[in-house]
Amino acid sequence: MQARSSSVDEPGPRSNILSELREAVAGGSDANVLQHCVQLIKKGSDCYDWIGIYLVKGTSLSLAAYDGKGETQHVQIPIGQGICGLAAKEAETIIVSDVNKDPRYLMCFPSTRSEIVVPIRGMRGVLGEIDIDSDVLAAFTNHDKQFLETVANILAEHLEK
Ligand code: SME
């Protein structure tokens, strides 16, 4: 597959997205804010094919907002299961470069080739996470990790208000 053009490593577009996110979380109801956020995150790279925000509800993750290639059957994920559940349990970002080679991966879309899951860490633990699927193999770099961890910090401040 030919590599897609991407603005991933350019600071300009991503700083604009972070500014827009800060504005988005400054007002509006929770559901609307998170929906707006996934749409803004999607602008971070044309490799981001599906973006979801899950929130911790008891011992599970619950899908609160998504944008991209369609609905997932995984709207509730027990903490500890799949890449999502593991990232929440360990409170660490997980990048899977080839989902077909990772037995922990829970499949949502047959076209997905790689995935990143970034926990949203609050003062008292993990509040939720950002989950992104890409149809491109090894789509996620350290730049994506840094960008999305900044996004997660903005979301954490909002969710803890
Ligand atoms: N792939 C995830 C499940 C969520 S879907 O990708 C939307 C996982 O392995 O936990």
Side-chain angles (χ1 to χ4, degrees), residues 1 3-4 6-8 14 17-18 21 24-25 30-122 124-156 158-159:
M1 187 188 296
R4 291 191 223 173
S6 164
S7 58
V8 262
R14 288 193 164 186
I17 292 167
L18 294 175
L21 270 164
V25 299
D30 227 40
N32 290 341
V33 166
L34 296 181
Q35 191 57 45
H36 191 184
C37 289
V38 288
Q39 287 160 354
L40 289 172
I41 296 166
K42 196 163 192 318
K43 297 201 296 186
S45 165
D46 63 3
C47 292
Y48 295 177
D49 290 303
W50 187 90
I51 294 108
I53 294 176
Y54 287 87
L55 297 180
V56 172
K57 303 274 181 209
T59 57
S60 292
L61 293 156
S62 177
L63 185 63
Y66 73 89
D67 192 31
K69 53 191 172 178
E71 286 183 18
T72 172
Q73 67 187 88
H74 298 293
V75 291
Q76 306 282 342
I77 301 174
I79 291 173
Q81 282 189 21
I83 308 299
C84 286
L86 195 62
K89 188 176 163 195
E90 296 188 345
E92 290 295 339
T93 296
I94 299 179
I95 294 176
V96 179
S97 298
D98 184 348
V99 295
N100 292 325
K101 290 189 178 153
D102 195 322
R104 304 168 302 177
Y105 172 70
L106 298 174
M107 203 261 273
C108 287
F109 309 104
S111 57
T112 295
R113 290 290 168 268
S114 56
E115 179 170 29
I116 186 168
V117 183
V118 180
I120 300 169
R121 290 184 287 221
R124 288 177 298 279
V126 174
L127 305 169
E129 62 191 27
I130 304 162
D131 174 26
I132 306 185
D133 283 25
S134 179
D135 292 353
V136 176
L137 200 61
F140 303 103
T141 65
N142 210 33
H143 292 279
D144 294 280
K145 181 174 183 282
Q146 284 169 13
F147 167 63
L148 294 166
E149 286 179 351
T150 306
V151 171
N153 288 341
I154 294 170
L155 292 175
H158 164 68
L159 292 169

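Just follow the structure's listing: the first ligand is 1, and inside any ligand the first atom is 1. No experiment lies behind these values; they were computed from the predicted model shown. Just so you know, residue 1 is the first one in the sequence shown, and it goes up from there.
Ionic pairing of K69 and D133 is not present here: no N-O contact between side-chain nitrogen and carboxylate oxygen is shorter than 4.0 angstrom.
Between the side chain of E115 and the main chain of I95, no donor-acceptor pair closer than 3.5 Å is present.
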Going through the distances and angles, do Q81 and K89 end up as a side-chain contact (heavy atoms from CB on, under 4.5 Å)? CA-CA 9 Å; Q81 282 189 21; K89 188 176 163 195; over 6 Å; no
Could you go through the side-chain hydrogen bond (donor to acceptor under 3.5 Å, both in side chains) check for Y48 and D144 one step at a time? CA-CA 10 Å; Y48 295 177; D144 294 280; 2.5 Å; yes
Considering only N or O atoms, set out every pair between ligand 1 and the protein closer than 3.5 Å, with distances to one decimal place.
residue  : atom   : partner : partner atom : Å
ligand 1 : 1 (N)  : L106    : O            : 2.7
ligand 1 : 1 (N)  : E115    : OE1          : 3.1
ligand 1 : 1 (N)  : E115    : OE2          : 3.1
ligand 1 : 6 (O)  : E115    : OE2          : 3.3
ligand 1 : 6 (O)  : D131    : OD2          : 3.4
ligand 1 : 6 (O)  : D133    : OD1          : 3.3
ligand 1 : 6 (O)  : D133    : OD2          : 3.3
ligand 1 : 9 (O)  : I83     : N            : 3.1
ligand 1 : 9 (O)  : L106    : N            : 2.8
ligand 1 : 10 (O) : I83     : N            : 2.9
ligand 1 : 10 (O) : C84     : N            : 2.8

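The side-chain heavy atoms of L55 and L159, taken from C-beta on, include a pair separated by under 4.5 Å.
In this structure, W50 and F109 have tilted ring planes: the angle between them lies in the 30° to 60° band.
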